[in-house]
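Worth knowing before you read on, the calculation uses all heavy atoms, side chains too, and leaves out hydrogens, waters and symmetry mates. Sequential numbering from 1 along the given sequence is applied to the chain's residues. Model, not experiment: these values are computed from the prediction.
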Amino acid sequence: IYPVSLLLIDLLPGEHKAVSFQDVLSHERTPVTPYKKIQGWSSDQNKWDEKLYPFWEEGDPRWKDCWKGGRVTAKLDTDSPSLVGSNVTFAVTLQFPKCQKEDNDGNIIYERNCTQDPPASQDQQVYVYNWTEWIDNCGWENCTSNHSHNVFPDGRPFPHYPGWRRRNFVYVFHTFGQYHQTTGRSSITFSVNTANITLGKHTMAVSIYRRGNSAYVPIARAKATYIITDKIPIFVSMYQKHDRNISDSIFIKDSPITFDVKIHDPSYYLNNSAISYKWNFGDGSGLFVASSSTTSHTYTLQGNFTLNVTVQAIIPIPCRPVTPTAPLPTSAVTTGASSNLDSSTTVESMEDNPDGGCHIYRNGYYGTGISVVEGILEVNIIQMTSIQMTESQAENSLVDFVVTCQGSLPTDVCTVVSDPTCQVSKSVVCDPIIVTDECLLTIRRAFEEPGTYCINITLGDDTSQALASALISVNGGSSSGTTEGVFIFLGLLAVFAAIGAFVLYKRYKQYKPIERSAGQAENQEGLTAYFSNFKAIFFPTSTERNPLLKSKPGIV
């Protein structure tokens with residue numbers, strides 16, 4: 001009899017156990033923990049109105065019918081990690097089925113002329129969720145009763161502010177043993193101060209309800225992990241002029257690297273702080289302290305190095321009496337070196353500033369390994385030569401570019417031909433090359449029509465690349481009237497040069513002494529060299545005899 005009596009008592013009307021926010025919003029039972037209160041939030045031990053806001057387990061068949069046209073999903077984003085004491089921001093975005101959107105009145109409609117695969121039926125293309133029509137003609141007093149269900153799950157009325165009637169979704173957030181409820185449209189953003197949140201990883205969960213005829217209907221849930229830390233979240237971006245891949249942490253010797261510290265502070269908590277940066281580049285150059293977030297360093301040796309940077313912020317805060325705290329997992333501030341990320345024991349301390357205020361210290365650390373190798377440091381175009389073509393090749397103009405470089409030997413070459421402003425690319429040609437001795441090669445490129453071009457020649461290897469640019473005027477064509485005129489002019493110059501050479505020869509022959517001194521021999525040799533250069537210009541011969549061109553690079 002005794003067990004039966006207990007069963008009857010449990011089933012008596014009115015003895016149903018009240019549902020709390022923790023029952024609805026937590027996926028598992030957790031013991032009641034004495035959390036520090038978050039400003040504007042409430043304890044999840046409060047009662048939840050399950051009749052007005054029903055709760056469905058995952059897999060309940062009612063989820064399939066809660067939204068016409070498909071299932072609504074929610075995306076919850078956060079800007080964490082967040083420094084303790086700053087604000088962490090969350091953004092929720094509802095993602096409706098295809099071809100649905102929210103209009104300016106808060107109603108959900110199908111987009112006009114929207115196609116689906118497979119096509120939607122005619123009645124689905126024009127339906128409207130009009131949730132606000134029933135309150136268009138009612139006043140505030142007539143729209144706040146429980147029959148109008150303009151209350152939150154804990155029974156509190158919706159806030160009365162402009163546009164409140166057009167907010168047809170209720171968002172209930174849950175974290176750290178507390179909840180926060182608000183109304184909104186298809187997307188909302190809100191921030192939470194982290195001063196009373198324990199260091200470490202936490203989960204933020206949100207449940208979204210839409211307005212119904214007699215109750216609110218659950219449509220989506222989402223959750224996201226956020227991190228509260230007493231370390232300043234920082235990242236260091238690295239840039240080098242000739243580095244081919246900035247993400248591989250491989251850099252070039254004897255070329256400066258620019259380091260830029262990025263502090264993750266979306267709530268601008270550190271805006272009024274004094275921030276310093278301490279650098280250790282790992283190559284024995286010592287420590288370097290700066291007040292700027294950007295610096296540069298040149299590695300003069302090859303090898304693997306470890307870069308370390310420490311950021312320290314002195315944050316001004318209002319002064320208050322020093323109160324020792326128990327070693328609980330709190331967000332207390334620290335002085336000097338900060339504790340480990342997984343530490344749950346912190347000590348609160350403040351110091352006086354010279355101006356009479358108080359401040360706290362926060363540190364941030366970043367370390368990474370980098371490799372320094374040989375690379376291509378510089379590329380130079382030392383010669384540009386137009387190639388004379390036959391009549392069958394008159395449609396293109398060929399130009400040879402002789403290129404040298406400094407540093408390691410390249411493995412590929414790319415040529416970009418652009419307009420004279422170097423903005424609009426006309427052609428790009430890339431070729432693999434094999435250079436075994438010195439960086440010297442000839443690149444032959446064709447130009448379809450005469451004009452002025454900007455040419456960029458890039459030499460690269462696995463880790464580095466460098467380029468040289470030049471403006472070139474291409475006349476194009478083979479023989480033409482202009483070319484014939486040039487040859488006639490050059491012929492006349494050759495005739496006059498021959499006459500002048502003959503006169504000079506007769507003059508020097510007539511007064512040539514029988515015996516020469518050493519100085520006279522040098523003058524004679526200089527004159528011979530002069531005539532040799534003069535002859536080479538107007539009477540060119542085969543260049544194969546020139547010993548300086550025996551090592552002319554191959555043409556690419």
Side-chain angles (χ1 to χ4, degrees), residues 19-27 44 48-78 90-111 114 116 120 123-135 143 146 148-159 163-175 179-190 203-224:
V19 177
S20 68
F21 275 77
Q22 185 187 57
D23 299 328
V24 174
L25 302 178
S26 296
H27 295 286
D44 61 5
W48 174 285
D49 188 347
E50 191 177 11
K51 182 177 180 180
L52 188 58
Y53 288 86
F55 172 71
W56 300 340
E57 295 286 350
E58 199 64 37
D60 193 305
R62 289 176 289 182
W63 283 106
K64 298 180 180 180
D65 301 325
C66 69
W67 191 275
K68 189 174 181 180
R71 184 73 184 268
V72 177
T73 58
K75 183 180 179 182
L76 178 60
D77 295 316
T78 174
F90 298 90
V92 185
T93 303
L94 296 181
Q95 299 173 335
F96 302 113
K98 188 177 181 180
C99 299
Q100 295 186 27
K101 67 177 183 179
E102 185 181 44
D103 66 7
N104 294 331
D105 293 327
N107 299 313
I108 307 299
I109 62 173
Y110 264 114
E111 296 182 14
C114 180
Q116 294 191 67
D123 61 332
Q124 285 184 322
Q125 293 186 16
V126 295
Y127 83 84
V128 176
Y129 280 123
N130 192 338
W131 292 315
T132 58
E133 181 180 6
W134 67 276
I135 58 173
C143 295
N146 288 335
S148 299
H149 54 81
N150 287 307
V151 294
F152 289 112
D154 60 1
R156 299 178 188 176
F158 291 163
W164 70 273
R165 297 177 181 178
R166 306 299 175 186
R167 302 189 177 193
N168 293 297
F169 299 99
V170 176
Y171 297 83
V172 184
F173 296 89
H174 181 250
T175 189
Y179 71 89
H180 174 74
Q181 52 196 6
T182 184
T183 59
R185 301 186 63 174
S186 59
S187 63
I188 65 168
T189 301
F190 80 102
T203 299
M204 176 68 73
V206 59
S207 295
I208 302 101
Y209 287 76
R210 69 167 174 85
R211 190 189 300 276
N213 293 329
S214 59
Y216 284 87
V217 180
I219 60 169
R221 295 174 186 160
K223 62 180 180 178

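- Of all the heavy atoms in V217 and C66, the pair that sits closest is CG1-CB, 3.8 Å.
- Atoms OG1 and CZ, on T183 and R211 in that order, are 9.0 Å from each other to the nearest 0.5 Å.
- Using a 4.5 Å heavy-atom cutoff, the side chains of E102 and R185 are in contact.
- The six-membered or imidazole ring of F152 lies near that of F158, with a centre-to-centre distance under 6.0 Å.
- Here R62 pairs with D60 in a salt bridge; the nearest charged N to carboxylate O distance falls below 4.0 Å.
- Between the OH atom in Y209 and the OH atom in Y171 there is a gap of 14.0 Å [rounded to 0.5 Å].
- Looking at heavy atoms from C-beta onward, M204 lies in side-chain contact with F173 at the 4.5 angstrom threshold.
- Here the side chains of T203 and T175 are not in contact, with every heavy-atom distance at 4.5 Å or above.
- Put simply, the side chain of F21 reaches to within 4.5 Å of the side chain of D154, judged on heavy atoms.
- At least one side-chain heavy atom of S207 sits under 4.5 Å from a side-chain heavy atom of L25.
- The two atoms that bring A74 and I208 nearest to each other are CB-CD1, 3.7 Å, heavy atoms only.
- Separation of atoms CD1 (I108) and NZ (K101) is listed at 10.5 Å; rounding is to 0.5 Å.
- Ring geometry for W48 versus Y53: interplanar angle over 60°, hence perpendicular rather than tilted (30 to 60°).
- Side-chain N/O atoms of W63 and E57 include no donor and acceptor closer than 3.5 Å.
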